[in-house]
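Scroll down for the structure; my scribbles are underneath it.
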Number of protein chains: 2
Amino acid sequence: MKIGQLAQQTGTPVDTIRYYEREGLLPRAARTEGNYRIYDAMHLERLAFIRRCRSLDMTQDEIRVLLRFRDTPSESCEDVNALLDAHIGHVAERIRELQQLETQLQVLRACCKEGRQAVACGILNELSQGATEVSTPSASESHLSATHAGGRQHVTPRKQATRDS
Amino acid sequence: MKIGQLAQQTGTPVDTIRYYEREGLLPRAARTEGNYRIYDAMHLERLAFIRRCRSLDMTQDEIRVLLRFRDTPSESCEDVNALLDAHIGHVAERIRELQQLETQLQVLRACCKEGRQAVACGILNELSQGATEVSTPSASESHLSATHAGGRQHVTPRKQATRDS
DNA sequence: TAAAAACCCTGTAGCAACTCCAGAGTCAAG
DNA sequence: CTTGACTCTGGAGTTGCTACAGGGTTTTTA
């Protein structure tokens, strides 16, 4: 089976499959004479596994760990449990953060009724307040770690992949 | 005031300030003879504004919009309200997604008690199931848009900035 | 006054997990 | 034999920074 079919059967973009191969999540595929990748049922299953993990928002590193366990079936699976527990913890924490964030945003939103001029906008004014003292150097770490840690993740994807153009 | 002081007063890393300038969020600073950036109260206030927005997890584009409004005080602020409402919507949606995710993860977690061998691990087996049919091509869009859209964000930052080293 | 420490500069590369594109080759159908 | 669908590689872009390297400048200390 060629890459396009594998893509279709797993709902994975072709580019992503090649990317997984580069990253070592998928083993290198055999090639036809014309240098096309060919896959078998094992690849399909492995890719499906990966995608299921990704749909649960696991990182590649986490998935790598799980794959290693799959590949060495005699090991105990305690670490699998631990990994999952940690992941659940991450998710729960992020939910808490976002809930706090939502509350803050709603407070802010309540500062302004429609139709004022921007100069009188309660929201803009609120955001402008306390200019000399932001993200209190001591008492941060609290509500949004994005600044202090790796600082990637956002609330939503927001930008469509412009697949249609 | 030099960049280091501005950094300290706003709790912003120096690199980030320069980055904001490159991105056009902060206007270009004046320079001393030795080519050092110098800032005044206006810069401080603007940076504080930006940081407050970021702490509410707004994107640079959203912040740009808000800054434009701040800079044209006679405009009506309806769009500010709209922007905030949209942002709150994003946050709320992400919370819902993550809550569904958490549920799924807990179901998965319940598949395995401690100490089994990996070959018998309920979790690995569950993740391996249904290999021929994943992320149903029609019924996706549902719980995790990360795949279909820009595909960045993750559940948690996870990787420390190794600021201490 | 000179050396050392602390600060600042530019430019580039890296992160996560892809996505998109260009420019080229391969293959099946008409 | 051409058209079109598919595939290949390699590289750049996404977001919001962070982390150097390899310099220059200012301030502090001896």
Side-chain angles (χ1 to χ4, degrees), chain A residues 1-8 12-26 28-29 31-39 50-51 53-55 57-64 144-165, chain B residues 1-8 12-26 28-39 50-51 53-64 144-165:
Chain A
M1 122 196 290
K2 284 187 290 181
I3 200 170
Q5 292 174 302
L6 182 63
Q8 211 173 4
T12 312
V14 166
D15 274 344
T16 301
I17 297 176
R18 286 195 280 250
Y19 169 70
Y20 287 159
E21 181 178 313
R22 273 202 304 285
E23 292 298 301
L25 289 179
L26 277 177
R28 244 159 244 184
R31 301 294 182 115
T32 67
E33 287 187 12
N35 200 31
Y36 283 17
R37 289 171 179 84
I38 34 177
Y39 298 97
I50 294 169
R51 288 257 109 190
C53 291
R54 282 295 297 133
S55 82
D57 221 7
M58 296 178 189
T59 62
Q60 288 190 3
D61 279 349
E62 288 172 322
I63 297 171
R64 245 178 279 270
L144 236 202
S145 42
T147 315
H148 286 262
R152 288 169 285 106
Q153 103 295 137
H154 251 294
V155 141
T156 27
R158 238 111 144 198
K159 180 167 276 183
Q160 286 291 9
T162 59
R163 199 192 291 283
D164 40 3
S165 63
Chain B
M1 125 196 288
K2 283 188 290 183
I3 199 169
Q5 293 176 301
L6 182 62
Q8 211 172 5
T12 312
V14 166
D15 276 345
T16 302
I17 297 176
R18 287 195 279 252
Y19 169 70
Y20 286 161
E21 180 178 312
R22 274 202 305 285
E23 292 298 302
L25 288 179
L26 277 177
R28 242 157 246 188
R31 300 294 181 116
T32 67
E33 287 186 11
N35 201 30
Y36 283 18
R37 288 173 179 83
I38 33 177
Y39 298 97
I50 292 168
R51 288 256 110 190
C53 291
R54 280 296 296 134
S55 82
L56 296 172
D57 220 8
M58 295 177 190
T59 63
Q60 289 191 4
D61 278 349
E62 288 172 324
I63 297 172
R64 245 178 279 271
L144 236 201
S145 41
T147 315
H148 285 263
R152 286 169 286 103
Q153 105 292 143
H154 251 292
V155 141
T156 27
R158 238 112 146 197
K159 180 167 279 183
Q160 286 292 7
T162 60
R163 198 193 292 285
D164 40 3
S165 64

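We name chains A, B, ... by the order of the sequence lines, and we start the count at 1 in each one. Quantities reported herein were computed from a predicted structural model and do not represent experimental measurements. Basis for what follows: all heavy atoms, side chains included, without hydrogens, waters or symmetry-related copies.
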* Mind checking whether T12(A) and L6(A) have side chains closer than 4.5 Å, heavy atoms only? ->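 Not in contact.
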* **R37(B) side chain near R31(B) side chain, heavy-atom distance below 4.5 Å** =>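 Result yes, sub-4.5 Å side-chain heavy-atom pair found.
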* Asked: If you measure from CD1 on I50(B) to OG1 on T16(B), what distance do you get to the nearest 0.5 Å?
  ->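 If I round to the nearest 0.5 Å, the distance is 11.0 Å.
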* Could you grab the distance from atom CE of M1(B) to atom CD of Q8(B), nearest 0.5 Å is fine? => 9.5 Å
* Which residue lies toward the 5' end of DNA chain D, R18(B) or K2(B), if each is placed at its nearest nucleotide? -> R18(B)
Atom-to-atom span, [atom1] of [X] to [atom2] of [N] - whole angstrom:
X      : N       : atom1 : atom2 : answer
E21(B) : dG16(D) : CD    : P     : 18 Å
I17(B) : dC17(D) : CD1   : P     : 12 Å
E23(B) : dC17(D) : CD    : P     : 10 Å
D15(B) : dC9(C)  : CG    : P     : 10 Å
I3(B)  : dA6(C)  : CD1   : C1'   : 15 Å
Q60(A) : dC15(C) : CD    : P     : 12 Å
Y19(B) : dC15(C) : OH    : P     : 17 Å
R28(A) : dT9(D)  : CZ    : P     : 10 Å

Ignoring backbone atoms, establish whether [X] has a side-chain N or O less than 4.0 Å from OP1 or OP2 of [N].
X      : N       : value
Y20(B) : dC17(D) : yes
R51(A) : dC18(C) : yes
R54(B) : dC17(D) : yes
R64(A) : dA16(C) : no
T16(A) : dT19(C) : yes
R37(B) : dC8(C)  : no

* Residues that R22(A) engages under side chain to side chain donor-acceptor pair (under 3.5 Å), provided they are two or more places apart ->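 Side chain to side chain donor-acceptor pair (under 3.5 Å) check on R22(A) returns nothing, list empty.
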* Which residues share a side chain to side chain donor-acceptor pair (under 3.5 Å) with Y39(B), sequence neighbours left out ->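 With neighbours one apart ignored, the set is empty.
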* Asked: Given that V14(B) and R22(B) both sit by DNA chain C, which one's nearest nucleotide is further toward the 5' end?
  -> V14(B)
Set out, line by line, the N/O atom pairs under 3.5 Å between protein and nucleotides 21-25 of chain D.
unit_1	atom_1	unit_2	atom_2	d
dG24(D)	N2	Y36(B)	OH	2.7
dT25(D)	O4'	Y36(B)	OH	3.4
dT25(D)	O2	Y36(B)	OH	3.3

* Would you check if there is a donor-acceptor pair between the side chains of Y20(B) and R54(B) at a distance under 3.5 Å? =>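 The answer is no; no qualifying pair exists.
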